[in-house]
Amino acid sequence: MALWRRRSSCLSSKARSSLGWAPAGGDGGGESKVSPEIAQAEAQEEEDEADEERWSRVLPELLTEIMRRVDASAERWPPRRDVVACACVCRRWRDAAVSVVRPPLECGRITFPSSLKQPGPRDAPMHCFIRRNKKHSTFYLYLSLTQALTGKGKFLLAARRFRNGAHTEYIISYDCDDLFPGSNSYVGKLRSDFLGTKFMIYDSQPPYDGAKPSRSQSSRCFASKQINPNVSGGNFEVGQVSYKFNLLKSRGPRRMQCNIQCPIGQDTASDPPKKSVSTSSSLALRNKAPRWHEHLQCWCLNFHGRVTVASVKNFQLVAPAGTSDPWGVGDEETVILQFGKIEGDAFTMDYRQPLSAFQAFAICLTSFGTKLACE
């Protein structure tokens with residue numbers, strides 16, 4: 001309301017006339033006139049402000065109890081949207097929701113968009129799937145809502161592949177309909193080298209306190225638009241993925257190596273903390289070596305029924321044994337991320353801590369496309 005009045009005072013007389021206002025001293029007999037449409041809009045604004053103020057006056061103890069009951073009654077999507085709806089009532093309700101809802105690391109659920117950049121569950125992997133649209137070079141990440149490999153899903157992220165000179169880039173966005181450079185929903189991007197064997201992962205926001213944006217021309221943002229205006233512009237390097245060359249052209253699976261920056265001691269609130277996490281550590285991952293099956297005459301990995309179609313794109317990532325890491329995953333048996341084909345353009349993606357959904361999605365995107373030097 002106040003914002004509209006401030007702006008209206010700066011309008012020109014011509015603009016005022018187009019909005020239905022008549023200047024004082026003119027045909028209106030010395031009185032300003034407002035069109036019925038504007039008067040109705042202002043009345044609606046005042047009513048909305050009154051409603052918001054009324055809801056914000058709920059006792060803190062009662063508000064917290066309401067959020068706890070809503071959170072406990074909606075463990076899965078789509079009922080989970082009730083929690084998001086409560087957080088959208090006003091600032092006080094949002095703060096209450098943030099204090100009650102636990103992050104994926106603790107509860108194993110994704111609630112807010114910020115959950116996509118927080119570590120996955122600790123005890124069991126988060127089950128997701130990816131759908132590919134070859135015609136438009138787009139990829140869509142969904143959270144699995146049923147036991148079926150590709151059933152109903154909750155949309156999480158989308159990506160689109162672009163050709164930038166001799167390089168390939170994937171723009172990752174919160175909005176499935178806004179997948180262009182300079183998008184307001186820009187989350188991060190993935191950039192490959194000429195051969196498509198080395199990839200750099202960039203985040204639109206600093207992954208930890210003191211992180212410096214990349215200064216290279218190729219890694220900067222496409223536009224100055226930001227998801228969060230409090231975060232400085234730029235892309236922050238958060239990972240690298242490389243595929244080893246197969247110089248002898250021997251038959252076998254691809255060999256991957258990843259180095260991902262994962263935060264340590266991340267805040268447990270569901271929304272991003274006011275300050276970024278203080279430190280991060282590099283997590284080294286490599287693909288789990290498959291075994292040769294004599295009867296089937298193919299390389300095999302145990303995907304526990306989550307992958308049904310043989311493909312060179314299928315992989316499982318583990319942390320090498322003996323590496324000192326603060327997450328306790330360096331045993332070569334705990335699968336941090338697995339990706340595999342289930343039908344023509346559908347793939348499963350299961351990840352767990354310390355990877356986030358955004359990081360896992362970016363790593364899986366590197367598997368698409370032909371890599372002649374590696375196969």
Side-chain angles (χ1 to χ4, degrees), residues 113-120 126 128 130 137-141 156-164 167-174 179 181 183 185-208 211-222 226-227 231 233-244 254 256-264 266 272 276-277 280-287 313 315 317 319 327 336-339 347 349 351-369 371:
S114 57
S115 304
L116 301 177
K117 290 192 177 182
Q118 294 176 335
M126 188 79 76
C128 306
I130 297 173
S137 299
T138 52
F139 307 84
Y140 304 94
L141 175 65
L156 299 179
L157 292 170
R160 184 177 181 184
R161 182 166 53 205
F162 289 88
R163 197 71 187 169
N164 188 0
H167 305 272
T168 300
E169 295 185 349
Y170 294 79
I171 305 302
I172 304 176
S173 171
Y174 286 119
L179 293 168
S183 165
S185 303
Y186 176 74
V187 178
K189 77 171 185 175
L190 179 71
R191 177 179 171 85
S192 75
D193 64 355
F194 173 72
L195 295 175
T197 57
K198 292 183 179 180
F199 296 82
M200 304 293 293
I201 303 173
Y202 296 97
D203 195 335
S204 64
Q205 298 176 338
Y208 58 90
K212 303 296 183 182
S214 177
R215 296 185 179 182
S216 65
Q217 181 75 10
S218 62
S219 65
R220 62 182 174 83
C221 282
F222 290 99
Q226 297 294 317
I227 297 174
V231 177
N235 279 307
F236 299 84
E237 184 180 328
V238 294
Q240 301 179 15
V241 181
S242 61
Y243 291 81
K244 289 188 177 181
R254 294 172 177 173
M256 297 174 58
Q257 287 186 341
C258 305
N259 284 284
I260 308 296
Q261 291 293 326
C262 298
I264 301 175
Q266 185 162 3
S276 302
V277 291
S280 74
S281 181
S282 179
L283 172 68
L285 299 173
R286 64 171 180 80
N287 67 301
K313 298 178 176 63
F315 66 80
L317 294 184
W327 308 283
I336 309 301
L337 171 64
Q338 77 173 20
F339 172 79
F347 306 79
M349 186 195 89
Y351 74 98
R352 64 194 306 161
Q353 69 101 14
L355 291 181
S356 67
F358 163 69
Q359 291 172 331
F361 186 41
I363 293 173
C364 291
L365 289 175
T366 67
S367 187
F368 292 100
K371 297 172 175 56

Q: Would you mind reporting whether Leu285 and Leu337 have side-chain heavy atoms less than 4.5 Å apart?
A: no
Q: Kindly check if the number of other-residue, nucleotide or ligand heavy atoms within 6.0 Å of NZ (Lys313) is above 12?
A: yes
Q) Within the side chain of Gln359, is there an N or O that forms a donor-acceptor pair under 3.5 Å with the backbone of Gln261? A) yes
**Q.** Side chain proximity check, Phe361 to Leu156, heavy atoms < 4.5 angstrom
**A.** no
Q: Please examine the side chains of Thr366 and Ile201, heavy atoms only from C-beta on, and report whether any two atoms are closer than 4.5 Å.
A: no
Q.
Determine whether a donor-acceptor pair (N or O, by modelled atom type, separation under 3.5 Å) exists between the side chain of Asn259 and the backbone of Ser282.
A. no
Q.
Side chains of Met256 and Ile363, heavy atoms from C-beta outward: is any pair under 4.5 Å?
A. yes
Q) Going from OG on Ser204 to CZ on Phe358, what distance comes out if it is rounded to the nearest 0.5 angstrom? A) 7.0 Å
Q. Hey, what do you get for OG (Ser367) to CZ (Phe347), rounding to the nearest 0.5 Å?
A. 7.5 Å
**Q.** By ring-ring contact (aromatic ring centres under 6.0 Å, His included) - contacts of Tyr170 (at least two apart)
**A.** Phe139
Q. Can you find a heavy atom in the side chain of Thr168 that is under 4.5 Å from one in the side chain of Arg163?
A. yes
Q) Does Ile172 reach the side chain of Leu365, with side-chain heavy atoms less than 4.5 Å apart? A) yes
Q.
I want to check something: taking the side chain as every heavy atom from C-beta on, are Phe339 and Leu317 in contact at a cut-off of under 4.5 Å?
A. no
**Q.** Non-hydrogen side-chain atoms of Val187 and Lys117 separated by less than 4.5 Å
**A.** yes
